[in-house]
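Data first, discussion second: the structure below is written as structure tokens.
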Protein chains: 2
Amino acid sequence: MKTPIHPSLLLDEQLCFALYAASRRMTAAYRPLLEAMDLTYPQYLVMLVLWERDGLTVRELGARLQLDSGTLTPLLKRLEQAGLVARRRRQSDEREVEISLTDAGGKLHERAADIPRCLADRLCMSVDAFVRLRDELKSLAAQLAAPSDDE
Amino acid sequence: MKTPIHPSLLLDEQLCFALYAASRRMTAAYRPLLEAMDLTYPQYLVMLVLWERDGLTVRELGARLQLDSGTLTPLLKRLEQAGLVARRRRQSDEREVEISLTDAGGKLHERAADIPRCLADRLCMSVDAFVRLRDELKSLAAQLAAPSDDE
DNA sequence: GAAATTTATATTGTTCACAATTAAATTTGA
DNA sequence: TCAAATTTAATTGTGAACAATATAAATTTC
């Protein structure tokens with residue numbers, strides 16, 4: 001009887017689990033820093049996008065973060081409730097909802113400025129290794145993008 | 001006026017976002033394969049652990065996957081409902097709940113055997129690059145582990 | 001320009017994650 | 001021995017993710 005050679009099903013050999021575990025730990029590492037600003041990690045990502053370019057639509061935010069309205073709509077309502085963003089339909093196209101920073105939302109940018117350094121300190125990683133890992137993850141994500149997604 | 005130099009708050013320069021996006025894409029890549037077995041991705045991880053070593057307690061499963069009972073208890077109840085595992089209190093220590101594979105749960109192992117290869121095919125990555133990335137992610141996760149966690 | 005199609009957002013329902021709390025069993029130590 | 005502390009799961013509540021569907025507005029087609 002011939003035993004077929006299979007790639008391993010051992011947990012510790014899986015790339016997927018290493019990725020899943022690292023991602024959750026990363027989010028956990030941000031949590032105490034973001035808690036001080038009353039933001040969750042996904043909310044922080046939305047704020048990063050808006051600090052970069054204000055007044056995007058839900059669709060544009062979703063394209064940037066790879067999240068759909070099912071995730072973003074309630075999240076944005078919570079940011080609105082917190083007074084950090086405003087949501088309003090565009091007069092030019094009533095289907096679109098434009099998300100814009102409030103004064104409080106804009107000001108939060110300054111308080112966030114130290115977060116990347118805090119995390120970088122935790123990592124004990126050279127800038128070079130940081131950039132290399134980041135870019136490897138980006139190309140992995142691109143490789144995994146659904147064939148229909150773009151190419 | 002002196003402008004302080006801050007590490008970037010630009011989304012595309014963040015390691016955390018690359019990690020978050022790659023992890024979600026990976027889960028999405030598994031989804032259609034696991035759907036055929038009526039498993040979600042976290043359920044699949046639990047099955048990987050049990051196929052490796054059956055009869056672990058909830059605590060031991062949690063230690064392996066870095067998940068707590070708040071996540072595992074309902075997930076394991078769903079696996080039980082699906083007829084893949086059995087849950088029972090240990091007679092030696094009634095606090096512990098032992099999770100064991102049913103026949104159906106054990107048999108599913110064979111159907112899962114091809115999954116890693118399917119994913120590997122998607123990645124277009126050398127074994128070497130695969131192992132290097134996986135181990136980098138492991139050491140990243142270890143680095144991010146709460147100081148109190150272990151060391 | 002009315003009907004069909006497409007697009008943008010919202011809603012509903014399911015399943016994670018995770019913090020905080022509860023409840024019960026076990027262990028510890030005066 | 002027995003009260004206090006610890007350990008293990010379960011429960012409760014909040015906030016993602018994401019599929020599927022709904023709704024409404026804009027665009028295309030004929």
Side-chain angles (χ1 to χ4, degrees), chain A residues 16-17 20-32 34-35 38-47 56-82 84-85 87-99 146 149, chain B residues 16-17 20-32 34-35 38-47 56-63 65-82 85 87-99 146 149:
Chain A
C16 69
F17 177 63
Y20 166 82
S23 176
R24 284 193 303 123
R25 278 224 196 264
M26 181 66 86
T27 302
Y30 272 86
R31 199 168 297 121
L34 296 177
E35 220 153 60
D38 274 307
L39 287 177
T40 64
Y41 179 70
Q43 288 167 10
Y44 169 69
L45 293 180
V46 166
M47 296 303 285
L56 295 178
T57 65
V58 172
R59 184 184 60 76
E60 290 166 327
L61 269 172
R64 204 84 171 71
L65 299 172
Q66 300 296 320
L67 292 169
D68 66 10
S69 70
T71 301
L72 286 174
T73 296
L75 187 157
L76 292 168
K77 283 183 178 174
R78 282 187 281 268
L79 287 179
E80 184 182 40
Q81 205 59 36
L84 299 177
V85 307
R87 301 159 61 240
R88 68 162 176 287
R89 296 269 166 191
R90 282 221 174 127
Q91 70 288 16
S92 61
D93 185 338
E94 290 275 342
R95 289 172 303 182
E96 299 183 313
V97 170
E98 184 176 310
I99 308 299
D149 244 44
Chain B
C16 69
F17 178 63
Y20 167 81
S23 176
R24 284 193 303 123
R25 279 222 197 265
M26 180 67 86
T27 302
Y30 273 87
R31 199 167 295 122
L34 296 177
E35 220 153 61
D38 274 308
L39 287 178
T40 64
Y41 178 70
Q43 287 168 11
Y44 170 69
L45 293 180
V46 166
M47 295 303 285
L56 294 178
T57 64
V58 173
R59 183 184 61 77
E60 290 165 328
L61 270 170
L65 299 171
Q66 299 296 319
L67 292 170
D68 65 12
S69 69
T71 300
L72 286 174
T73 296
L75 187 157
L76 292 168
K77 282 183 179 174
R78 283 187 281 271
L79 288 179
E80 183 182 41
Q81 206 58 35
V85 307
R87 303 159 61 239
R88 70 163 174 289
R89 294 271 165 190
R90 282 221 174 129
Q91 70 287 18
S92 61
D93 185 337
E94 290 275 343
R95 288 173 303 183
E96 298 184 313
V97 170
E98 183 176 310
I99 309 299
D149 246 43

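Since this is a predicted model, take the numbers as computed values, not measurements. Convention: sequence-line order gives letters A, B, ...; per-chain numbering from 1.
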Problem set entry | Stepwise side chain to side chain contact (heavy atoms under 4.5 Å, CB included) check, A:Leu45 with A:Arg64 | CA-CA 10 Å; A:Leu45 293 180; A:Arg64 204 84 171 71; over 6 Å; no
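- Rounded to whole angstrom, the span from the OH atom of B:Tyr30 across to the P atom of D:dC18 amounts to 16 Å.
- To the nearest angstrom, P of D:dA16 lies 12 Å from CZ of B:Arg24.
- Partner B:Tyr20 forms a ring-ring contact (aromatic ring centres under 6.0 Å, His included) with one of A:Tyr20, A:Tyr30, A:Tyr41 and no other, that one being A:Tyr41.
- The listed nucleotides are C:dC16, D:dA9, D:dG15; the one nearest the side chain of B:Val58 is D:dA9.
- Remark: P of C:dA8 and CZ of A:Arg87 are 17 Å apart, rounded to the nearest angstrom.
- Judged by distance alone, with hydrogens and angles left aside, the side-chain atoms of B:Arg90 form no donor-acceptor pair with the main-chain N or O of B:Thr57 at under 3.5 Å.
- Within the 4.0 angstrom heavy-atom criterion, only backbone atoms of the sugar-phosphate kind lie near A:Leu75; the bases stay farther away.
- Among D:dA9, C:dT15, D:dA16, the nucleotide with an atom closest to any side-chain atom of A:Gln43 is D:dA16.
- The closest side-chain heavy-atom distance from B:Arg24 to A:Leu67 is below 4.5 Å.
- Between B:Glu98 atom CD and D:dT8 atom C1' the separation is 14 Å, expressed in whole Å.
- By the 4.5 Å heavy-atom criterion applied to side chains, A:Leu39 and A:Leu84 are counted as neighbours.
- A salt bridge does not link B:Glu94 to B:Arg89: none of the charged nitrogens lies less than 4.0 Å from a carboxylate oxygen.
- A close approach under 4.0 Å does occur between a side-chain nitrogen or oxygen of A:Arg78 and OP1 or OP2 of D:dA16.
- Of the listed nucleotides (C:dA10, C:dA8, C:dC18), C:dC18 has the atom at the smallest distance from the side chain of B:Asp68.
- In this structure, CG of B:Leu72 is placed 10 Å from C1' of C:dA17, rounded to the nearest angstrom.
- Projected onto DNA chain D by closest heavy-atom contact, B:Pro74 and B:Arg31 fall at different nucleotides, the more 5' of which corresponds to B:Pro74.
- Distance B:Arg59 CZ to D:dT6 C1': 13 Å, rounded to the nearest Å.
- In this structure, the CG atom of B:Leu76 is 10 Å from the P atom of C:dC16, given to the nearest Å.
- With a 4.5 Å cut-off on side-chain heavy atoms, A:Met47 and A:Val85 count as touching.
- The backbone N or O of B:Gln43 lies less than 3.5 Å from no partner atom in the side chain of B:Arg78, so there is not a single donor-acceptor pair.
- Within the 4.0 Å cut-off from OP1 or OP2 of D:dA16, not a single side-chain nitrogen or oxygen of B:Tyr20 is found.
- Residue contacts for A:Thr71: at a heavy-atom cut-off of 4.0 Å it reaches a base atom on one of the strands shown.
- Considering only side-chain N and O atoms, A:Lys77 lies under 4.0 angstrom from the phosphate OP1 or OP2 of C:dT11.
- Under 3.5 Å, the side chain of A:Ser69 and the base of C:dA10 form at least one donor-acceptor pair of N or O atoms.
- Here C:dT9 is the nucleotide among C:dT9, C:dA17, D:dT11 with the atom lying nearest to any side-chain atom of A:Thr73.
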Table of protein N/O atoms under 3.5 Å from nucleotides 21-29 of chain C N/O atoms:
residue : atom : partner : partner atom : Å
C:dT26  : OP1  : B:Glu94 : N            : 3.2

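- Distance from the side chain of A:Pro42 is smallest for D:dA16 among the nucleotides D:dA16, C:dT11, D:dA10.
- Rounded to whole Å, atom P of D:dT8 lies 14 Å from atom CG of B:Leu56.
- Nearest-nucleotide assignment on DNA chain D puts the 5′-proximal partner with B:Thr57, out of B:Thr57 and A:Gly70.
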